[in-house]
Student: 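The structure is given below, and queries will be raised subsequently.
Here is how names work: the chains are called A, B, and so on, in the same order as the sequence lines, proteins then strands, and each is numbered from 1.
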Number of protein chains: 2
Amino acid sequence: MDPADDAPPAILRRTPSWLMNQLAAHAQRMVGERLESLGVRRHHYSALSALAEFGPMSQADLGRHTHLDRSDVTAVTSELEEKGLITRTPDPADRRRNVVSVTEDGLAFRERLAKLVSEAQDELLAPLNEGERERFTASLVQMVGHHAKRKGSGSWATEPGERKPGMGKG
Amino acid sequence: MDPADDAPPAILRRTPSWLMNQLAAHAQRMVGERLESLGVRRHHYSALSALAEFGPMSQADLGRHTHLDRSDVTAVTSELEEKGLITRTPDPADRRRNVVSVTEDGLAFRERLAKLVSEAQDELLAPLNEGERERFTASLVQMVGHHAKRKGSGSWATEPGERKPGMGKG
DNA sequence: CTGCCAACGTTGGCAAGACCAACAGTTCCT
DNA sequence: AGGAACTGTTGGTCTTGCCAACGTTGGCAG
């Protein structure tokens with residue numbers, strides 16, 4: 001009767017940051033496994049998503065949108081370019097910059113990734129019902145927005161045109 | 001008037017795993033900075049907490065309680081031993097094992113760490129009110145428990161004698 | 001008792017992620 | 001004109017989560 005020899009100390013079980021780290025590790029595994037099956041990592045998905053939504057932009061902007069360091073953006077874009085999912089061309093208007101754009105293949109690929117990522121979300125949130133999921137996610141958004149402001153410049157946390165009471169689904 | 005040039009793509013802003021990773025990164029920074037001021041990392045705090053709550057145990061057990069790999073436990077215990085916060089002695093009853101125990105200094109040190117960690121929690125949860133914090137934490141516990149079961153052996157998720165008042169269900 | 005398997009602690013390694021520092025080329029501002 | 005700020009790149013650090021191998025020890029089947 002003691003297979004349950006493992007049990008985190010109560011103090012940790014009540015510490016949100018510890019719980020978050022545990023859960024984030026699980027989440028990374030679930031998402032990571034799926035993306036790995038298509039040969040990419042999570043940053044590639046973030047980059048493709050930003051480009052798909054906002055259109056072509058410089059690597060620096062890409063980094064700001066995805067919260068990635070400039071140096072990491074360099075690596076990610078290089079890998080995506082190799083796969084033909086994006087193009088990277090010098091900006092004639094500002095010769096410091098590269099203009100990064102998604103290709104058709106990139107857009108299609110991103111759709112496939114999105115499905116896999118969506119699956120992972122369901123697995124992650126499995127124990128929560130609909131209402132709990134919404135409250136949980138809302139709290140996450142609130143906190144991420146709050147802490148992002150401290151470092152970054154933007155105030156995207158309270159963005160117009162996205163208040164959705166019902167938040168139905170698409 | 002476009003300092004808010006940064007804004008994660010909407011698809012990411014609605015993806016719990018992405019939000020979790022962002023927030024977990026912030027949390028790690030907040031906790032990490034504070035622990036660093038006392039010369040330790042997060043794992044040291046976890047180990048000390050487990051030993052403080054459950055008493056002396058083998059390194060393997062310590063790893064199970066804290067969700068740490070055996071190899072990482074070796075490193076952590078070595079560092080804690082160097083600082084005189086724990087002792088590590090061979091178990092006469094089972095010579096494969098080391099018995100790890102907290103010292104008096106270790107217990108006192110853990111208290112100081114606990115205060116710092118607690119501070120970090122407040123900073124992390126700042127944007128949430130009392131009720132939101134409880135619901136958020138409860139959801140975390142639920143999910144961590146759910147996903148821990150899949151790998152580990154134990155069923156600590158539904159442990160008796162710890163039902164909190166706010167922990168209602170949906 | 002022997003032989004085998006499981007568990008333990010240790011070492012050494014890997015990959016990912018989050019960062020940081022420095023650099024040369026460019027642009028902007030004064 | 002000159003300095004400050006930005007861009008992309010290279011190369012590095014540190015932490016975390018793993019995994020493989022090894023020698024030692026314990027438990028168990030035969």
Student: Who pairs with Asp91(A) by side-chain contact (heavy atoms from CB on, under 4.5 Å), at least two apart in sequence or on another chain?
Tutor: Ala93(A), Asp94(A), Arg97(A), Val99(A)
Student: Of all the choices, dG9(C), dT27(C), dT9(D), which nucleotide is nearest to the side chain of Ala60(B) once you look at every atom?
Tutor: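 Between dG9(C), dT27(C), dT9(D), the one nearest the side chain of Ala60(B) would be dG9(C).
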Student: Can you pull out every ring-ring contact (aromatic ring centres under 6.0 Å, His included) where at least one residue sits in residues 90-123 of chain A? Sequence neighbours excluded, please.
Tutor: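 Listed by first then second residue: nothing to list.
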Student: Can you sort out which residues in residues 68-92 of chain A have a heavy atom within less than 4.0 Å of DNA chain C? Ascending by number, please.
Tutor: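 Residues of residues 68-92 of chain A under 4.0 Å from DNA chain C: Asp69(A), Arg70(A), Ser71(A), Asp72(A).
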Student: Listing request: all side chain to side chain donor-acceptor pair (under 3.5 Å) pairs with a residue in residues 99-117 of chain A, at least two apart in sequence or in separate chains.
Tutor: Ser49(A)-Arg110(A)
Student: Consider the side chain of Ala25(B), meaning its heavy atoms from C-beta on, and name the nucleotide among dA18(C), dC18(D), dG26(D) that approaches it most closely.
Tutor: dA18(C)
Student: Any side-chain donor-acceptor pair under 3.5 Å between Arg133(B) and Ser139(A)?
Tutor: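 Distance-only check fails for Arg133(B) and Ser139(A).
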Student: Suppose we screen for side-chain contact (heavy atoms from CB on, under 4.5 Å). Which residues come up paired with Ser71(B), at least two apart in sequence or across chains?
Tutor: Asp69(B)
Student: Tell me: CD of Gln59(B) to C1' of dT10(C), nearest whole Å?
Tutor: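 My rounded result for the distance is 9 Å.
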Student: Would you mind telling me which of dA6(C), dG9(C), dG17(C) lies closest to the side-chain atoms of Gln28(A)?
Tutor: dG17(C)
Student: In whole angstroms, how far is the P atom of dG17(D) from the CZ atom of Arg29(A)?
Tutor: 12 Å
Student: Please state how far atom CZ in Arg97(A) lies from atom C1' in dT27(C), giving the value in whole angstrom units.
Tutor: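 After rounding, the gap between these two atoms is 9 Å.
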Student: Measure CG/Asp61(A) against P/dC6(D) and give the value in whole Å, please.
Tutor: 12 Å
Student: Rounding to an integer number of Å, can you tell me how far Arg96(A) CZ sits from dT7(D) C1'?
Tutor: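 Distance check: Arg96(A) CZ to dT7(D) C1' gives 6 Å.
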Student: Output all residues satisfying side-chain contact (heavy atoms from CB on, under 4.5 Å) with Ser17(B), sequence neighbours left out; order by chain, then residue number.
Tutor: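 Only Ala27(A), Val31(A), Gln121(A), Leu124(A), Thr15(B) meet the side-chain contact (heavy atoms from CB on, under 4.5 Å) criterion with Ser17(B).
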Student: For Phe136(A), give me all partners under ring-ring contact (aromatic ring centres under 6.0 Å, His included), at least two apart in sequence or on another chain.
Tutor: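 Checked Phe136(A) against ring-ring contact (aromatic ring centres under 6.0 Å, His included); matches are Phe136(B).
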Student: Would you name the heavy atoms of Arg88(B) and Thr74(B) that are closest together and state the gap between them?
Tutor: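 So the two residues come closest at NH1-O, 3.9 Å.
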Student: Once ring-ring contact (aromatic ring centres under 6.0 Å, His included) is applied, what residue pairs with a partner in residues 111-131 of chain A remain, sequence neighbours excluded?
Tutor: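 Residue pairs passing ring-ring contact (aromatic ring centres under 6.0 Å, His included), neighbours aside: none found.
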Student: Applying side-chain contact (heavy atoms from CB on, under 4.5 Å), name anything that partners Gln22(B), two or more places apart in sequence or on another chain.
Tutor: His67(A), Val144(A), Trp18(B)
Student: Angle, rounded to 10°, between the helical axes spanning five pairs at each terminus of the helix from dC1(C)-dG30(D) to dT30(C)-dA1(D)?
Tutor: 10°
Student: Strictly by salt bridge (Lys or Arg N to Asp or Glu O under 4.0 Å), give each pair with a member in residues 30-46 of chain A just once, sequence neighbours left out.
Tutor: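 Listed once each, the pairs are Arg29(A)-Glu33(A), Arg34(A)-Glu119(A), Arg34(A)-Glu123(A), Arg41(A)-Glu79(A).
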Student: Would you say Asn98(B) places a side-chain N or O within less than 4.0 Å of OP1 or OP2 belonging to dT10(C)?
Tutor: yes
Student: I want to confirm an ordering. Mapping Ser58(B) and Ala93(A) to their closest nucleotides on DNA chain C, which one lands closer to the 5' end?
Tutor: Ser58(B)
Student: Take atom CG of Asp94(B) and atom C1' of dA6(C), then tell me their distance rounded to the nearest Å.
Tutor: 12 Å
Student: May I have the distance from Arg95(A) (atom CZ) to dA24(C) (atom P), rounded to whole angstrom?
Tutor: 18 Å
Student: Please work out which residues in residues 36-49 of chain B have a non-hydrogen atom less than 4.0 Å from an atom of DNA chain D and list them by number.
Tutor: Arg41(B), Arg42(B), His43(B)
Student: So do the side chains of Met57(B) and His65(B) get within less than 4.5 Å of each other, counting heavy atoms only?
Tutor: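 Side-chain contact under 4.5 Å: yes.
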Student: In whole angstroms, how far is the C1' atom of dC18(D) from the CD atom of Gln22(A)?
Tutor: 14 Å
